[in-house]
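Take a look at the structure set out below.
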Amino acid sequence: MNLINGKFVNQEECDQILLELDSHIQKTLSNSGLTPGIVVDACDKLSKSINQQNYLESLIEIGIPVDLAKEYLSEAEIKLSRKFLEYKLRTELGENFNQTRKKNPPFQKEDVIEHTAPLGVLFHITAGNVDALPAMSAIEGLLAGNINILKLPHEEGGLSAKILKELIEIEPALAEYIYVFDYSSKDITAMGKLVDLADAVVVWGGDNAIQSIRKMVHPNTKIIEWGHKLSFAYITKDGMTNENLRGIARNICETNQLLCNSCQGIFIDTEDMDVINQFCERFIQLLEDESKKVQRELGIGIQSQITFQLYNNELESLFSDFKIYRSENCSVTAYTDMKVEPSIKFRNCWVKRLPQHKLLEILRPHKNHLQTVALLCSEKEKMNIVETLWRTGVVRITSGLKMSSTYAGAAHDGEYPLRRYTKIVSVE
Amino acid sequence: MSYRRKLFTYGKMNDSAGTEQLFLLAMKENLHCHYKNSEEYRRILDARGFSIRQLETIEDLHKIPALTTLFIKSHQLFSVPSRKIITKATSSGTNGRKSVVGLDIQSGYYALRVVLTSFFHYKLFSIRPTNYIILGYEPHSSNKISTAKSARGLAMIAPARHKEYALKYTKNGYELNQEGIIEAILRYSKQRSPVRFIGFPSYMYFLLKTLQEKNIKVKLPPKSKVFFGGGWKQFFAESIEKKDLYKMVEEILGVPKEDCMDFFGAVEHPVLYCECPNHHFHIPVYSRVIIRDSKTLQPVEFGQVGLVNLISPLISSMPFSSLITDDLGVMFDGSKCGCGITTPFVELLGRVGVQNLKTCSVNAEELLGGVSH
């Protein structure tokens, strides 16, 4: 789906526009620019209409279960609201982000005028892992005042284009700041042209996607990477309450372990494998209980892949020292190693030992791949562990239940997106 | 005479009903041999609480703890000493990992018998000199990939007048010989000898697309044939139906769909499955197929999709009596086919998993895998 100037256009028109895109962009850049206020107003209006039937239907159409779709919509309603966005702008860009700031630095006679300015043109290469992520990425680009060119992931289903079109209908001034192209990432000519036009390429995706973009982008263009991440739980003896564990189980079931911030596995502060095995016996039951509460139909392709993998692991376990605990809808595997790794997903998590004194040694090599840790421990232990975890590369520490939720002004992977999409300019 | 020998020299390859008891006895014989000689396999059967005595009827075959195609990539299980291995083949290595299969003299002989019986049955032998287009590797001592071997085997069932390979061995290694193939097709089309094409369906598809782009259409001599094999799984990215490919073959090469034939087999399970005239893979007497539920792994009814479990006592050198593959398939009542063969037929639907799964956790691409050759 191609969205240009607020209208859906076919591939032919799209190719034509691509040839002239440079001059379109120059024309927009020569105008007075986009103020955050316009974007916030439009988003706030959108947030009031988003929770209505037509969106629910669109979500269900692309295969999202009804209960999850409703949840997404109420989440979107909050995230697009004035209150949320204004708080986000102030947190990320500072209280006076929209004004010029007069400064009188030491060792300098004259005053300096500073201003937060957009980077200019952002080319978002988005991934389809979170529904409507491309639209949210573009909205962040808009809040920072940029022209946004989007390449949609092919499995996106048109949801982002629909949201952005509606936003333009609410505020037509946004039309020239939003371009959605349906080019495949294999279309090197089109991709190359879009990359060249951008001041920064915003890339969402796995290591492979990021590596291929790094090769493609000229040093004259900035790359803003939002890579794939890994999250897990860390539990001490004192934190092992049923309520805490249920939170982790809930996250595993709700996200099917597909998100950057989904719990892939559980580390326990122990050196003793007996503790791990006892924990597995207890946790598999909690996980099964939550699994039954959060029903998610898997396609036969995925279901059989998981079954095949689990059965294979069972055979492997006869020749290795890991142990699989299985239940009807989930599994928990007790490993003797301490490696951080992704799970086989869909409610199949690993459990490993990791005594506190080894946290840094084991986790640090994974530095920028680490993201969220659900930390379950006593208040007394908390600060100590938190400080060590920060040094390993982990950027967010929360409870099991909250692993995959966010708050207004929250950093993403340890950084404020709006700061990455803007620059500080100065005049003396 | 051993039961295995009786089974693999049994002439009527579609008489599954008449060989139920024989198949069961051959399986038991084969399992006994692996249980005795492969320590790893013994460990698996024991750990899963299986005893060969549990096999009372043919319906009990699902009770045999199956290995997986993934498991045999990381474990080399042998039931005979290595000096008894006469031939080694390597699977074409989906997702980069290959399985090595070694056959002893007896297994190699039975595998050959199965292939020959199938070729006789489907009247593929011919004494007429034939031109070949082989959409695969030119034989070379450095290449142990089984598809190269089977393509060579297929090219022996009618005497070769000329052979042209899509992947020619040059001093720089294998190189694509597209020009040579197209020239050969044009040349062959003007001769009287029939032409036989052999190779992966995906290669055939790319060849046909190239011919289409170059506006080349020929009418190959009568009795020309197009043999596929090596799996349709590579096709899923292109979403091409078999019948559409056959249609393209007819339009571009002038070979009717009756003369297109697909084969499937695997080095780990060297029973050859050939398409019947209605383009179905009937299961011959030499093997049984069980489709297993995608969640519980229990056998499912005809018409239901599940994981494909291939069962055969063919190999005595490695304990591959029962293998669960990572392919999805569905099995149908043979009598519904209409070709006269009444044994069930199986349709392969592609690999488990989906390519474009939505996930952003690290390493998921590798874990979930793409479809590769």
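Residue numbers start from 1 in every chain, and the chains themselves are labelled A, B, ... in the order their sequence lines are given, proteins ahead of strands. Note that these values count all heavy atoms, side chains included, but never hydrogens, waters or copies made by symmetry.
- Put simply, the residue from Ile324(B), Ile44(B), Ile72(B) that forms a side chain to side chain contact (heavy atoms under 4.5 Å, CB included) with Leu315(A) is Ile44(B).
- If you take CG on Asp293(B) and CD1 on Ile300(A), they are separated by 7.5 Å, rounding to the nearest 0.5 Å.
- Counting non-hydrogen atoms of neighbouring residues, nucleotides and ligands closer than 6.0 angstrom, the NZ atom of Lys336(B) reaches no more than 12 such neighbours.
- For Glu71(A), the CD atom counts as densely surrounded, since its 6.0 Å shell holds more than 12 non-hydrogen atoms of other residues, nucleotides or ligands.
- Counting only heavy atoms from C-beta outward, the side chains of His75(B) and Glu316(A) approach each other to under 4.5 Å.
- Interatomic distance, OG of Ser294(B) versus CD1 of Ile306(A), reported as 11.0 Å (0.5 Å rounding).
- Other residues, nucleotides and ligands contribute only 12 or fewer heavy atoms inside 6.0 Å of the NZ atom of Lys402(A).
- Here the closest non-hydrogen pair linking Glu328(A) and Lys295(B) is O-CE, 3.5 Å.
- Around CD of Glu301(B), the count of heavy atoms belonging to other residues, nucleotides or ligands within 6.0 Å does not exceed 12.
- In this structure, the portion of Leu328(B) lying under 4.5 Å from any heavy atom of chain A is its side chain and not its backbone.
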* **side chain to side chain contact (heavy atoms under 4.5 Å, CB included) between Leu70(B) and Gln309(A), intermediate numbers included** => CA-CA 8 Å; Leu70(B) 189 60; Gln309(A) 185 76 49; 4.1 Å; yes
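- In this structure, the ring of Phe71(B) has its center no less than 6.0 angstrom from the ring center of Phe308(A).
- Heavy-atom distances place no part of Arg292(B) under 4.5 Å from chain A, backbone and side chain included.
- The contact between Thr325(B) and chain A is made entirely by backbone atoms, counting heavy-atom distances below 4.5 Å.
- Looking at every heavy atom in both residues, Ser304(A) comes nearest to Val352(B) through OG-CG1, 3.5 Å.
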